[in-house]
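One structure is given below, encoded as structure tokens.
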Amino acid sequence: MGGKSEVPLLDKNGKRIDGRDLEELRPVKMEVGVLKKADGSAYVEWGGNKVIAAVYGPREVLPKHLANPYKAVLKYRYNMAPFSVDDRKRPGPDRRSIEISKISREALERVVMLEYFPNTMIDVFVEILQADAGTRCAALTAASLALADAGIPMRDVVAACAAGKIDGKVVLDLKKEEDNYGEADMPIAISPRTGEIVLFQMDGLMTKDEYMKALRLAVEGARKINEIQKETLKDKYKITNLSGGDNNE
Amino acid sequence: MGGKSEVPLLDKNGKRIDGRDLEELRPVKMEVGVLKKADGSAYVEWGGNKVIAAVYGPREVLPKHLANPYKAVLKYRYNMAPFSVDDRKRPGPDRRSIEISKISREALERVVMLEYFPNTMIDVFVEILQADAGTRCAALTAASLALADAGIPMRDVVAACAAGKIDGKVVLDLKKEEDNYGEADMPIAISPRTGEIVLFQMDGLMTKDEYMKALRLAVEGARKINEIQKETLKDKYKITNLSGGDNNE
Amino acid sequence: MGGKSEVPLLDKNGKRIDGRDLEELRPVKMEVGVLKKADGSAYVEWGGNKVIAAVYGPREVLPKHLANPYKAVLKYRYNMAPFSVDDRKRPGPDRRSIEISKISREALERVVMLEYFPNTMIDVFVEILQADAGTRCAALTAASLALADAGIPMRDVVAACAAGKIDGKVVLDLKKEEDNYGEADMPIAISPRTGEIVLFQMDGLMTKDEYMKALRLAVEGARKINEIQKETLKDKYKITNLSGGDNNE
Amino acid sequence: MNRENETLWTLKSEYVHRLAKQGLRVDNRDAFEYRDIEVTPGYVTRSPGSALVKLGNTTVLAGISMDVGTPFQDTPNEGVIMTGAELVPLASPTFESGPPSEDAIELARVVDRGIRESKAIDLEKLVIEEGEKVWMVFIDLHILDYDGNLFDASALAAMAALMHTNVPKYEDEKVIRTESSMKMPLRRVPVETTFAKIGDTLLLDPVLDEEKAADVRLTIATTDDGYICASQKGGSGALTVEEIEMIIDKSFEKGDFLRGILKDNMKG
Amino acid sequence: MNRENETLWTLKSEYVHRLAKQGLRVDNRDAFEYRDIEVTPGYVTRSPGSALVKLGNTTVLAGISMDVGTPFQDTPNEGVIMTGAELVPLASPTFESGPPSEDAIELARVVDRGIRESKAIDLEKLVIEEGEKVWMVFIDLHILDYDGNLFDASALAAMAALMHTNVPKYEDEKVIRTESSMKMPLRRVPVETTFAKIGDTLLLDPVLDEEKAADVRLTIATTDDGYICASQKGGSGALTVEEIEMIIDKSFEKGDFLRGILKDNMKG
Amino acid sequence: MNRENETLWTLKSEYVHRLAKQGLRVDNRDAFEYRDIEVTPGYVTRSPGSALVKLGNTTVLAGISMDVGTPFQDTPNEGVIMTGAELVPLASPTFESGPPSEDAIELARVVDRGIRESKAIDLEKLVIEEGEKVWMVFIDLHILDYDGNLFDASALAAMAALMHTNVPKYEDEKVIRTESSMKMPLRRVPVETTFAKIGDTLLLDPVLDEEKAADVRLTIATTDDGYICASQKGGSGALTVEEIEMIIDKSFEKGDFLRGILKDNMKG
């Protein structure tokens, strides 16, 4: 959130730099079962973001002392490909990706039925192949699909979306330039059936009114994302009961 | 030991830059039971040094293969806070702190009754919050107090002190500028009941006479430090039998 | 393979910078049993290369989960001393030494009778004390001797040698300047009894004819190296049956 | 990692939940009451700025280090902030030596965002030579005793330390640490307030036992001029929009309370 | 490391060997036939160059990053190539998080050598200011799905990415990523072909099951002008001189086939 | 870490103690007698300086590397010394691969202090351009065979290497390694002598079995002009002031003996 307003992010008609309205999502494409070796996988293209998620498990816990006799251990690894951003990212986890992995894991722990698989581990790996702001939301959205694709029982399919503030206006789903030069960003994720917030962060400067408006807008965005998730899974499995979704083979 | 004598460390009356006599200790304050979560703890302020020590254990040995069926494993971690020195210290152990941790642990192994607690681990952690030369002595002095505070049986309470050489004179207890521009430093620690040396290092240039004078001076300094240790423990526990000292609650 | 032909590597008589003929090896000296603490050891001096190898094992596998119930685990560590090259090498494995260790281990796995020692580990350590091109060949040659010296049963004693291309000519056994300014390098190792290739790499630019010529030349070089290996082991043990070689005590 | 007895924790957790249902807490505080807060600015006398904060038994020492470095390419006319946190094993039986854990990283980043996003520090005043030389402000959080709610204690310690920081002189390509060129240039006073949800009950400033029993944690950073500048949810539970709105209101109120403590401290 | 059932692998391996003896393969290919190959250049639209390669189920994404740095002391008039490979755990149950494994390092180095030793990139054209500033070409291989023969897929992806790479502009000490100063200057088109030996049978382009059953692997990199530029044996088996000669011949033939695919792609 | 049989070591230790009580040693030496010492300077002919030292079976190779770098800010007119030690696993069944152990770090630092604190190297002569460019002297200790007393062997090897070191030429911003500008400028000849206390008996130059049986170790570094320049106690035992005084006397005597060996070597 640079807040350097020298760069105008809204034109005189109130349109955004990519022509979107304030409360409009970027184009989103989803696909499941895109990888051969993973137990479940999904690909999400969201504006300029390209994200791929894979799920392995339930499988043996390594290292063994991490095993939990009451439930599965969920792991989440958010990783950026070196070429996904303008300034090459050095391989390996940095502080940012460790934080994102933590809060994304916590979001999924709310819905994945870990208690069904004691003494096992479920690994969720997400690779950011191209980044255009909102990668953590795209990643978590893809991860949920991959979990469904792997047939992991879930209470709900988590959907994510961000809202933010640019040129003084609350808007949905920031793209890169809006994130760089805007005034605030608020990535969230919801459990759509209950409407509860399972991932929540905000940075930038917002009044309480702006903040609550952004929150409600982001929840609505996440609901739209969830519709696309549901369509994607339906197309794949021709069934509506998601948590009963079968394996991708 | 820079030995750059351009900086005069003694005035014409033979007084040191902080007004001390050659064989005078800096002011020392000690307190035990300063932390809530640790099994034992102590705070030592020694000149410009501020040092805090904590003891955990005897507890389960991790990793398990380090367990010794005949005695407790003693660990010692000397760590400097990043802001404790003028040039910010990067977090994490460096070569200097690894060496200091090793020789400090060896000093304590002489007195802690490790044989009472086979298959366990006793952790001693010392944080240097502000550094003014002699931190390893202050740290070890605090560590001994924290061990006593934790009720760990010991043959003796180790006390430490340094002597050194500045402007050609053997002096007690160097402060930072004296350490930087002086000619030699000799940190030691003793087991006060026997007078034995349990930690011993020296660097700089000294003749044998200077060396032995410094050694005897440092031993005397450590004895004075030990008196303060004993007072501190007495004040806290109103008893004189140190190794029978009870827990800090 | 810099291929910067500004530096002439052959004189008008076709002699190399150290006076060698195109197909001539550098002087090679070998010795076994050079270390006291290792179970087997060897020293190889090959041109300007000085290499020492040690073998420990069969011994307990650490960490334990790597143990194989059907055969011994073979480990190989190629390491350069910091002062072995002009630009000081920072201690610890780099990508190059990890790759060399891998392919050298694979070469030895062909001949060492690992199946005789299930659930154990055999460690091969090689230190490059001075480097003059061809260090991986010298290292593997020394490692084979050290394994024989340790009495580890082997189907064969692996011997290594490189060929390459300088100033347009295929030559045997490049030295440092030839490697730096030459056009191609091809290090290989053979199992001499069968003539099979057990280590094989090539980089640089070669036509098929040059390539096959280099390969045949390198095999011949490795055979010569193997003769010296056999002499060395005979001198030491006064026996010809290498795989029955006894321990060095 | 937690070496304490699992069963004991289950019992404690049930106890905390039972209390929460009745609107009670383990230490008899009200739901939205802070523990006793002690702020000791200038604790590390030799550093350019520092503060020790005790929030009940939770103890955090924040220290500021100042150095001269090159600015980031995309902000040539701004100083640089770097925030780190060490959960040193001295502070808790569950903290371990080694590289920073994900908890330490999250803590450092959330404290950092409160300061960075509120533009609390006037970074343009920290430029020595545009594009070439700027002041680097290192904020290091040293956790000394861990009894819950590190976020609020650490953010408070960091802000108290910054408010007492002197920027050294820089002359002839050298940092002169014994002399000061100015006070740290500050524009806003962000503080962080952390709430835990135990069952359906929301609580401010959880102690360790509450933190462990809680399903979810929400930290809100507010400024003295009425902005929210950072938020962070933690834990595997969930929050409703209504709960978040209620927390925001409380957060401004409690933020002003914390700023009052900082202000008193500046005078004292 | 391999968490899959050991017995299952033994059975699979025996099956692969039995087939190989009869000149057959698990997927009914001929011995020297590649799987289906799909090359998608420019996959990462925001990077200066990239390509996604699918070789059967094996999927590799190569991305090029360009930055300005100082040349190596001994080659002041040459740009710099750096090649890395990440075997991200997404791609296989046997890949693990953490520092690069020896397999990842070998892969990156063999792909690197094919490009470097063939002088495929005209490094002198990547000099901005001799001895001071040159372009650094980072070739990063991201393995997305691992079903054998990473070498050929990765080398092909790297080359396809380089063939579609635009070198950014560099003006006023800044990289202008949105503008291009030239195409990546290329001189040769190296590709790599990998053979596995199962029992006494040689096969091109092994799938994972064949790779695991194989005793030995040989990778040969050839250029479009008739040179071999790199070779690498892997695995604990052995090869005869005659086998190597036979592989070289096949390698040139199959290398031309792969170059044909790259060429078609340049047009399309 | 020690993979050798614990019981065996206990028996060996008892044996060493029994001998020590009678004033005897496992290899029949006198209490204050060194093992045979062989010094081979210039062992690594291609490095600017090196020496191989055999102290009985203990074998240490010290190598010097010279490079040009920037001096430390607080010593702009001095060259830089860096000392490292690798306890490579080749040397002992108890040494392991990986980052330097605390033993390796202690060894490197004690050898370093002997040289640094005695001002053995005239660091001002290693300045190329004050405050900008100085020679960096890397002293690397490579332990090849470990049979006790690495301190004395390593310090001796380091000093022998330095005494035979040629400082390369530096011209036109380049190090010309094939030419020498001067001998390493030395002012003093520090050596280290190490004593072990077994029961109440003091011994010089312990072999591995003695080192392991010993309660405490004391290393004293002395100079040729009558100074002590470094000391280091190791092990969990203790020493009396009287024992230290006695060791100091022996240390000067034995230091002169070691310096004699170095001197003989300079001639030869």
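None of the values given here were measured: they were computed from a predicted structure.
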What option among [options] has the most heavy-atom pairs under 4.5 Å with chain A?
| options | value |
| --- | --- |
| E/Ile64, E/Val88, E/Asp145 | E/Asp145 |
| E/Ser65, E/Ser92, E/Pro89 | E/Pro89 |
| E/Gly49, E/Ser50, E/Ala91, E/Gly98 | E/Ala91 |
| E/Val175, E/Leu61, E/Thr59 | E/Leu61 |
| E/Pro100, E/Ser97, E/Pro99, E/Ser47 | E/Ser97 |

Is chain A contacted by the side chain of [X], its backbone, both, or neither, given a heavy-atom distance below 4.5 Å?
| X | value |
| --- | --- |
| E/Thr45 | both |
| E/Leu144 | both |
| E/Arg177 | side chain |

(request) Please say whether more than 12 non-hydrogen atoms of neighbouring residues, nucleotides or ligands are located less than 6.0 Å from NZ in A/Lys102. (result) yes
(message) For the CE atom on E/Met136, are there more than 12 heavy atoms of other groups (residues, nucleotides or ligands in this structure) within a distance under 6.0 Å?
(response) yes
Structural part of [X] lying under 4.5 Å from a heavy atom of chain E:
| X | value |
| --- | --- |
| A/Arg88 | both |
| A/Ala53 | backbone |
| A/Lys176 | side chain |

If you measure from the Lys or Arg side-chain nitrogens to the Asp or Glu carboxylate oxygens, is any gap between [X] and [Y] under 4.0 Å?
| X | Y | answer |
| --- | --- | --- |
| A/Asp86 | E/Arg46 | no |
| A/Arg59 | A/Asp39 | no |
| A/Arg16 | A/Asp21 | no |

(request) Go through the side-chain N and O atoms of A/Asn180 and A/Glu177 and say whether any donor and acceptor fall under 3.5 Å apart. (result) no
(request) Examine the side chains of A/Trp46 and A/Asp173 and answer whether a donor and an acceptor come within less than 3.5 Å of each other. (result) yes
(request) Mind telling me whether E/Tyr170 and E/Trp135 have parallel, tilted or perpendicular rings, with 30° and 60° as the class edges? (result) perpendicular
(message) Looking only at heavy atoms and a cut-off of under 4.5 Å, which of A/Pro93, A/Gly57, A/Pro82 has the most pairs with chain E?
(response) A/Pro82
